[in-house]
Amino acid sequence: MIANRRPDARLRFDPEALGLTARTRPFFRRGTVAVARALVGAWIARRWRGCWYGGRIVETEAYLGPLDRAAHSWGGRRTPRVEPMYGDGGLLYVFLVYGMHHCANVVTRREGQPEAVLLRAAEGRPGAPTRLMSGPGKLCAALGITAADSGIDLLDDGLRIFRDSGKRPHLAVSPRIGVDYAGEAKDWPLRFYDADSAAVSRR
DNA sequence: CACATGATCGCCT
DNA sequence: GGCGATCATGTGG
């Protein structure tokens with residue numbers, strides 16, 4: 001179960017009223033780049049005291065495992081912190097950066113294939129502050145996600161990914177943010193975002 | 001607008 | 001012991 005930390009009240013919404021449907025295991029087990037692209041325009045939502053809170057994802061990054069120097073699982077590194085990345089697709093991997101911010105990732109592929117998608121930004125419904133979730137740390141803070149939630153199952157534990165069959169995002173691609181230390185991997189085009197959204201980070 | 005800096009701590013070497 | 005998948009704030013042009 002997700003830790004009992006309060007999400008921002010301004011992110012409350014009703015997935016059913018929007019016609020959203022929850023994603024299931026096969027979605028997450030696909031290739032990491034495919035999942036990263038498909039997550040732009042999808043919704044991340046958290047259940048808290050019987051209500052749903054969340055927003056539409058507008059920015060993601062793919063992290064490709066042992067061969068990807070920017071990934072925590074680079075070179076096959078396997079420590080307690082990274083363990084959820086080695087689990088089945090659909091798990092959540094959360095870590096603490098810079099001693100104060102959390103980053104949430106959706107684990108992809110299968111057990112033993114440590115790849116994931118970083119959720120970098122989302123936008124709430126009209127009325128919510130535009131930039132409330134315009135960055136990975138801000139997204140976690142707004143939804144009340146912390147490292148205590150690392151390893152939970154997105155199919156099962158009160159945090160979910162929903163498909164939105166509405167308008168498709170205007171997908172754009174770029175290198176990933178903040179991985180200058182990663183050698184040649186720093187230039188790989190693994191960041192995906194909705195070019196029409198005002199909630200994308202680094203604007 | 002473009003940098004520059006401080007906060008703060010778990011993780012890995 | 002060094003540093004990071006960040007963010008807010010401050011400076012100067």
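Throughout, a chain's letter reflects where its sequence line sits, starting with A, and its residues are numbered from 1. Note that these values count all heavy atoms, side chains included, but never hydrogens, waters or copies made by symmetry.
- Rounded to a whole Å, the CG atom of A:L190 is 15 Å from the P atom of C:dA5.
- The interatomic distance linking A:K138 (NZ) with C:dT9 (P) rounds to 10 Å, in whole Å.
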* **Intermediate values then yes/no, salt bridge (charged side-chain N to carboxylate O under 4.0 Å, His left out), A:R25 and A:D156** => CA-CA 11 Å; A:R25 197 72 68 199; A:D156 211 38; over 6 Å; no

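- Distances shorter than 4.0 Å separate some side-chain N or O of A:Y181 from OP1 or OP2 on C:dA5.
- Taking atom NE2 of residue A:H101 and atom C1' of nucleotide B:dA7, one finds them 8 Å apart after rounding to whole Å.
- Checking side-chain atoms of A:R30 against main-chain N and O of A:F27 turns up a donor-acceptor pair under 3.5 Å.
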* Using Watson-Crick and G-U wobble pairs whose two distances are both under 3.5 Å, how do you write the pairing of DNA chain C as dot-bracket, with | for links to another strand? -> ||||.|||||||.

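- Per the geometry, CG belonging to A:L139 stands 9 Å off P belonging to C:dC7, to the nearest Å.
- OP1 or OP2 of B:dC12 has at least one side-chain nitrogen or oxygen of A:T79 nearer than 4.0 Å.
- Residue A:H72 contributes atom NE2, which lies 16 Å from atom P of C:dC3 at whole-angstrom precision.
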* Just do the salt bridge (charged side-chain N to carboxylate O under 4.0 Å, His left out) check on A:R176 and A:D68 with the steps written out, would you? => CA-CA 12 Å; A:R176 294 170 292 183; A:D68 178 1; 2.7 Å; yes

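- Rounded to whole Å, atom P of C:dA5 lies 19 Å from atom CD1 of A:I145.
- Side-chain proximity of A:M100 to C:dT6, B:dC12, B:dA7: nearest is B:dA7.
- Between the P atom of C:dC7 and the CE atom of A:M133 lies a distance of 13 Å, rounded to the nearest Å.
- No more than 12 heavy atoms of other residues, nucleotides or ligands shown are found within 6.0 angstrom of CZ on A:R110.
- You'll find the side chain of A:V200 reaches within 4.5 Å of the side chain of A:R191, heavy atoms only.
- With a 4.5 Å cut-off on side-chain heavy atoms, A:V33 and A:L190 count as touching.
- Residue A:C103 has its side chain nearest to C:dA5 when only B:dC12, C:dC7, C:dA5 are considered.
- Classification of A:R56 and A:D194 as a salt-bridged pair holds, one side-chain N sitting under 4.0 Å from a carboxylate O.
- In this pair, A:Y63 lays its aromatic ring flat on the base of C:dA5, centres within 5.5 Å and planes under 30 degrees apart.
- Of all nucleotides listed (B:dG10, C:dT6, C:dC7), B:dG10 comes nearest to the side chain of A:L96.
- Set against B:dC11, B:dG10, C:dC7, the side chain of A:R81 has B:dC11 as its closest nucleotide.
- Closest to the side chain of A:R77, from the set C:dA5, B:dC12, C:dT6, is B:dC12.
- Note: NE2 (A:H102) to C1' (C:dC7) measures 14 Å, nearest angstrom.
- Looking at A:D149 and A:R46, no side-chain N of the basic residue comes within less than 4.0 Å of a carboxylate O on the acidic one, giving no salt bridge.
- For the pair A:R191 and C:dA5, the criterion of a side-chain N or O lying under 4.0 Å from OP1 or OP2 is not met.
- In the set C:dA5, B:dC11, C:dT6, the nucleotide with an atom closest to the side chain of A:Y98 is C:dT6.
- Between C:dA5 and B:dC3, the distance separating the two P atoms is 22 Å to the nearest Å.
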